[in-house]
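This one's a predicted model, so the numbers in the text were calculated from it and none came from an experiment. Note that ligands are numbered from 1 as they come in the structure, with each ligand's atoms numbered from 1 the same way.
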Amino acid sequence: MKLTSYWLDTAPSFVASPAAAMPGMVDAVIVGGGFSGLSAALRLRELGASVVVLERERVVGEASGRNGGHVNNGLAGSFSMACKTMGEDKATALYKVFNKAVDTVETIISTHAIACDFVRCGKLKVGNLPAHHAALQADYEQLCKSADPDVRLISYAQIHDELRSDLFNNGLIYPHSGRMHMGRFGVGLAQAVLKAGGLIFENTPMISIKFGQGCFEVITPQGKIVAKSVLMATGTSRHAPSWFRQRIMPVGSFIVATEPMDAATLKQVMPGGQNVVTMQNIHNYFRATADNRLIFGGRASFSRSRTTTDIVSGHMLLAAMRRTLPDLPDVKVEYCWGGDVDMTVDRLPRAGQWNGIYYTMGYSGHGTQMSVYMGQRMAEAMAGMPDTNPLAGRSWPKIPFYGLASYVLPVVGAYYRAKDYVQNFRA
Ligand SMILES: Cc1cc2nc3c(=O)[nH]c(=O)nc-3n(C[C@H](O)[C@H](O)[C@H](O)COP(=O)(O)OP(=O)(O)OC[C@H]3O[C@@H](n4cnc5c(N)ncnc54)[C@H](O)[C@@H]3O)c2cc1C
């Protein structure tokens, strides 16, 4: 079992520009070479701005290259619940932004001819408890009414036409969702930035930032860059100023990729071919790849140390995969990796300005599409275009006791795992 991301291991290498010197002055510095930062850099170049991307390690080496590979539309949580908490109009508008975000990914792929196996496969959300059924029914009715008349409710009688699993008895299909090879997309996006005239420096962290003389001074190990504007696209923001760290909780999630199977076998197990997301408290997400592997993810070990727990998590996920898809043949797991999700308290992203510094982050495990979309919106604001940030004005309080959150997480995880066990036992 390789303890590395399948997406990164099977992507082409990023070919940087031949030894460019760090410029002393640019229009925009982007901190972070994930999807948010790269998408922003590409848009800034389209708008004629000079741009430097600083990446502390390798491009798309964090969440963007370590995720589950779903490019799903819709909100991460329940749509009907969102209508209750934020109002129907706002929830509907946000839902439609996620649709546009998937369209944006698709447009970038075709404009820049990025070979990354993008396909609109749909998403199937599945549940097994009466409470899940009630939530799916409520979402279905509310979505048909205000945001997405194309969703389909799947009954007990139909579920096996979509997914061969006895664990679930109802589901909801979101046909506009897609998937792609994350490493190929990310490297393709980075190459498009270079081709458009942007500069990307890997292994180059932003060490500090200060405002002076109407512009920002960004300090890196290679020297200082003066910029008119700066975007923090730093994901979990572990290496960003403390204002960001206090608002984002990094939560580990883990993934395994099987060896390739023959197409017919996989089709038999997942006849609908959608990305699948389950509804337990400790849920799983899975999908097929273009070379007929199964990519299966979820919370596994709740230990605080990601690197040492990957192998433990791999075994836990393999067991969950076998429970979920008992008809799967005895395939080997070839890859196992983990990544940190940039979680906010309400699981909704945030974007705006803090002390004049632009930021976009907090996608909470549902950001392969929004990061790309929001990167573009923030770039437009940085270039002085009218503000089209759909997340503008959302308050963003600190996480209570944020310093202790990672210690409390294993306890919370154990509680929810026990809760799932009891609920399933009763059902
Ligand atoms: C395990 C896992 C599974 C997921 N599955 C899905 C999924 O299936 N579908 C979905 O929609 N979303 C999923 N997500 C979420 C999605 O991957 C992210 O929302 C998205 O990739 C965020 O992109 P980003 O560019 O904002 O952040 P990142 O990809 O994390 O990029 C931030 C970059 O900033 C760099 N950086 C940080 N600090 C500094 C600094 N000081 N100087 C320079 N560089 C710095 C980091 O090295 C990193 O490369 C998942 C995430 C994880 C972790």
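- Taking a 6.0 Å sphere around CE of M25, one finds it holds 12 or fewer heavy atoms contributed by other residues, nucleotides or ligands.
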Test log, rule ring-ring contact (aromatic ring centres under 6.0 Å, His included), inputs F98 and H366: CA-CA 10 Å; F98 274 90; H366 190 43; 4.7 Å; yes

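- Near V31, meaning under 4.0 Å from any of its heavy atoms, are these atoms of ligand 1: 40 (C), 42 (N), 43 (C).
- For atom 41 (N) of ligand 1, the closest non-hydrogen atom of the protein is H239 O, 2.8 Å.
- T236 and E62 form no side-chain donor-acceptor contact under 3.5 Å, judged by distance and modelled atom types alone.
- Those atoms of ligand 1 that come under 4.0 Å of a heavy atom in M206, given as number and element, are 40 (C), 41 (N), 42 (N), 43 (C).
- Ligand-side atoms of ligand 1 in range of R66: 1 (C), 2 (C), range being under 4.0 angstrom from any heavy atom.
- With a 4.0 Å heavy-atom cut-off, ligand 1 is reached by no atom of M361.
- Ranking the protein heavy atoms by distance from atom 9 (N) of ligand 1 puts H70 O, 2.9 Å first.
- Residue-level proximity to ligand 1 for Y285 is carried by the side chain, the only part with a heavy atom below 4.0 angstrom.
- A ring-centre distance under 6.0 Å is not found for W7 and F185.
- Taking a cut-off of under 4.0 Å to the non-hydrogen atoms of F35, the atoms of ligand 1 that pass are 25 (O).
- Counting atoms of ligand 1 from 1 in the listed order, those under 4.0 Å from a heavy atom of G69 are 8 (O).
- Within the 4.5 Å cutoff, side-chain heavy atoms of V372 are placed close to those of I108.
- A salt bridge links R43 with E380; the closest basic N to acidic carboxylate O contact falls under 4.0 Å.
- Looking at every heavy atom in both residues, M343 comes nearest to I399 through O-CD1, 4.4 Å.
- Taking only nitrogen or oxygen atoms, main chain and side chain alike, G365 reaches within less than 3.5 Å of ligand 1.
- Taking the six-membered ring where the residue is Trp, W337 and Y335 present perpendicular rings, their angle passing 60° and hence far from 30°.
- Here is the list of ligand 1 atoms found below 4.0 Å of a heavy atom in P205: 42 (N), 43 (C).
- Here the heavy atom of the protein found nearest to atom 38 (N) of ligand 1 is T234 CG2, 3.5 Å.
- For the pair N67 and ligand 1, the shortest N or O to N or O distance falls below 3.5 Å.
- In this structure, the protein non-hydrogen atom closest to atom 44 (N) of ligand 1 is R56 N, 3.1 Å.
- Under the 4.0 angstrom criterion for non-hydrogen atoms, L54 is in contact with ligand 1.
- Counting atoms of ligand 1 from 1 in the listed order, those under 4.0 Å from a heavy atom of V341 are 51 (C), 52 (C), 53 (C).
- The pair D327-R164 does not count as a salt bridge, with every side-chain nitrogen at least 4.0 angstrom from each carboxylate oxygen.
- Nearest to atom 29 (O) of ligand 1 by heavy-atom distance, out of S64, S253, G34, P241, is S64.
- Looking at ligand 1, you'll find an N or O of G367 within less than 3.5 Å of one of its N or O atoms.
- Only the backbone of A233 comes within 4.0 Å of ligand 1, counting heavy atoms alone; no side-chain atom from C-beta on gets that close.
- Among all non-hydrogen protein atoms, the one lying nearest atom 47 (O) of ligand 1 is E55 OE2, 2.7 Å.
- Near Y363, meaning under 4.0 Å from any of its heavy atoms, are these atoms of ligand 1: 19 (O), 22 (C), 26 (O).
- With respect to atom 24 (P) of ligand 1, the closest heavy atom belonging to the protein is S36 OG, 3.5 Å.
- Only the backbone of D340 comes within contact range of ligand 1, with a heavy atom under 4.0 Å; no side-chain atom does.
- In terms of polar-atom proximity, defined here as any N/O pair under 3.5 Å, A63 does make such a contact with ligand 1.
- Defined by atom type and a distance below 3.5 Å, a donor-acceptor pair is present between the side-chain atoms of R179 and N275.
- Ring geometry, Y6 versus H181: the interplanar angle falls from 30° to 60°, so the pair is classed tilted.
- Ion pairing of E334 with R293 is present here, as a side-chain N (NZ or NE/NH1/NH2) and a carboxylate O approach within less than 4.0 Å.
- Comment: R350 engages D346 in a salt bridge, judged by a side-chain N to carboxylate O separation of less than 4.0 angstrom.
- Close placement of the Y95 and F79 rings is indicated, their centers lying within 6.0 Å of each other.
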